[in-house]
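One structure is given here, and the rest of the page talks about it.
Naming convention: chains lettered A, B, ... in sequence-line order (proteins, then strands); numbering from 1 in each chain.
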There are 2 protein chains.
Amino acid sequence: MKESSDPDLNRIDLKMLRALQRDGRISNADLAVEVGVSAATCHRRTQQLVEAGYVSGFRAVVAPHKVELGTLVLVGVVLDRSTPESFAAFESAVGKLKFVLDCHLVAGDFDYFLKIRVRDMADFNRLHGTQLIGLPGVRQTRTFFVMKEVVDGRALEF
Amino acid sequence: MKESSDPDLNRIDLKMLRALQRDGRISNADLAVEVGVSAATCHRRTQQLVEAGYVSGFRAVVAPHKVELGTLVLVGVVLDRSTPESFAAFESAVGKLKFVLDCHLVAGDFDYFLKIRVRDMADFNRLHGTQLIGLPGVRQTRTFFVMKEVVDGRALEF
DNA sequence: GCTCAGAATGAAAGAATCTTCCGATCCCGA
DNA sequence: TCGGGATCGGAAGATTCTTTCATTCTGAGC
């Protein structure tokens, strides 16, 4: 397994990134021991990783089914026209929909692919009718209900 | 916007969950001020939220393009047979592939949908040939290269 | 309306951690 | 070998965490 060859990221930095990705709340002291540097150095490097944009933030991972968002749905979207204006309008509008976790412009049979979390199928059906098909330029959507989440949000391996 | 009606989650808990999802490293003292309770209470409630499974962990969010994983690909998979054994074999095998971030069993034209992160198209092509199509029971795959990540990994809204 | 038991709360203090300072070391090019 | 800049780790003050304990809140039962 080849590691990133970014010269700014040495072996210590990579270890720190992996550890922080696994446990974002690890104490600076523990992280220092784990990666084999002093607490002072560890603290400095961690700050640098954040400032340099390697770490874009720290988040608590909330269990979806515990907050009434246990139903996952994937939706393929086809737009009426393939113009930049059409894409921009769609993207702007979809960005405001809080239940859309992912939205990607793709090459293939669809224009966009959405990943959506809702309470249940009835909830999705309501949102689909009131929000999704009303998005600017939408010609058609194809819905894939998720029956089983085998892997969701796995950490990056680098 | 209706909030979760879980009796175990009161207004304070919800505020805490939202704050922790936004900033997993917020200090206990700051979080206490933000949600309007004492530091002691805040500390206790946070622990309870984790122990009760509302928070499944804390993570640093690593910028994919900074670690040579800037290319995102969605793949629809169709299996040979729709037997429980076939599904189980596929899921077990796909769970070992570290570059698969999401894997969901879906209803519709595909059996599974995968979300994959790789360095570039060449890297994907290599992995597709050596790993994906070799997964147990795979009849065909359809690849959707992501040309633009409009939204990726948005936080849950509850 | 009253009482009481259990749960939840906040102030406070000791323990642990963070964060900065500073002198020492390392690295590399001249 | 030398010099200069970058990096490092020890140490200590500042901050934060975490527990304790007395008080307050809540609601069931009478």
Side-chain angles (χ1 to χ4, degrees), chain A residues 2-68 155-156 158, chain B residues 1-63 65-68 155-156 158:
Chain A
K2 185 177 179 304
E3 285 182 342
S4 165
S5 58
D6 191 326
D8 294 340
L9 279 185
N10 58 27
R11 193 169 296 98
I12 300 294
D13 290 318
L14 288 172
K15 273 190 181 179
M16 289 177 58
L17 277 178
R18 293 193 189 99
L20 287 169
Q21 191 179 222
R22 172 172 43 78
D23 176 9
R25 277 207 153 178
I26 187 173
S27 77
N28 183 66
D30 288 349
L31 181 59
V33 171
E34 181 168 337
V35 305
V37 295
S38 72
T41 295
C42 183
H43 182 260
R44 225 171 315 152
R45 305 278 281 261
T46 302
Q47 275 191 157
Q48 286 169 3
L49 286 175
V50 173
E51 282 163 16
Y54 291 93
V55 173
S56 60
F58 293 88
R59 275 196 193 172
V61 180
V62 176
H65 69 279
K66 286 283 202 175
V67 291
E68 308 276 344
L156 264 40
F158 48 88
Chain B
M1 181 79 66
K2 187 178 178 303
E3 286 181 343
S4 165
S5 59
D6 192 323
D8 294 339
L9 279 185
N10 58 29
R11 192 169 296 99
I12 300 294
D13 291 317
L14 287 173
K15 273 190 181 180
M16 291 177 57
L17 278 178
R18 292 193 190 99
L20 288 169
Q21 191 180 223
R22 172 172 43 79
D23 176 9
R25 276 207 154 177
I26 187 173
S27 78
N28 184 67
D30 288 349
L31 181 59
V33 171
E34 181 168 336
V35 306
V37 295
S38 71
T41 295
C42 183
H43 182 261
R44 228 171 315 160
R45 304 279 280 261
T46 302
Q47 275 190 158
Q48 287 169 3
L49 285 175
V50 174
E51 282 164 15
Y54 291 93
V55 174
S56 60
F58 293 88
R59 275 197 193 172
V61 181
V62 176
H65 69 280
K66 286 283 201 174
V67 291
E68 307 277 342
L156 265 38
F158 48 88

Starting at [atom1] of [X] and ending at [atom2] of [N], how long is that distance when rounded to a whole Å?
{"X": "A/D13", "N": "D/dA6", "atom1": "CG", "atom2": "P", "value": "17 Å"}
{"X": "A/Q48", "N": "C/dT19", "atom1": "CD", "atom2": "P", "value": "14 Å"}
{"X": "B/D30", "N": "C/dC18", "atom1": "CG", "atom2": "C1'", "value": "14 Å"}
{"X": "A/M16", "N": "D/dC8", "atom1": "CE", "atom2": "C1'", "value": "14 Å"}
{"X": "B/R45", "N": "C/dA7", "atom1": "CZ", "atom2": "P", "value": "15 Å"}
{"X": "B/N10", "N": "C/dA8", "atom1": "CG", "atom2": "C1'", "value": "11 Å"}
{"X": "B/E51", "N": "D/dT18", "atom1": "CD", "atom2": "P", "value": "12 Å"}
{"X": "A/N28", "N": "D/dC8", "atom1": "CG", "atom2": "C1'", "value": "14 Å"}

Using a 4.0 Å heavy-atom cut-off across all strands, classify A/A40 as base, sugar-phosphate, or nothing.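 Base contact - A/A40 has a heavy atom under 4.0 Å of at least one base atom.
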
Examine distances only and state if a side-chain atom of B/T41 and a backbone atom of B/V37 form a donor-acceptor pair shorter than 3.5 Å. no

Main chain of A/A19, side chain of A/E34: is a donor-acceptor contact present, judged purely on distance under 3.5 Å? no

Return whichever of A/R44 or A/I26 has its heavy-atom-nearest nucleotide of DNA chain C closer to the 5' end.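 Looking at DNA chain C, the more 5' nearest nucleotide goes with A/I26.
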
Side-chain N or O of B/T41 versus OP1/OP2 of C/dG10: is the shortest distance under 4.0 Å?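 Yes, such a contact exists.
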
Does B/H43 have a side-chain nitrogen or oxygen under 4.0 Å from the phosphate oxygens OP1 or OP2 of D/dC17? no

Side-chain heavy atoms of A/L20 within contact of B/R25, under 4.5 Å: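 Yes. Closest side-chain heavy atoms under 4.5 Å.
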
So do the side chains of A/L14 and A/F158 get within less than 4.5 Å of each other, counting heavy atoms only? yes

Residue A/Q47, side-chain atoms from C-beta onward, closest of D/dC17, C/dC18, C/dT20: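 So the nucleotide nearest the side chain must be C/dT20.
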
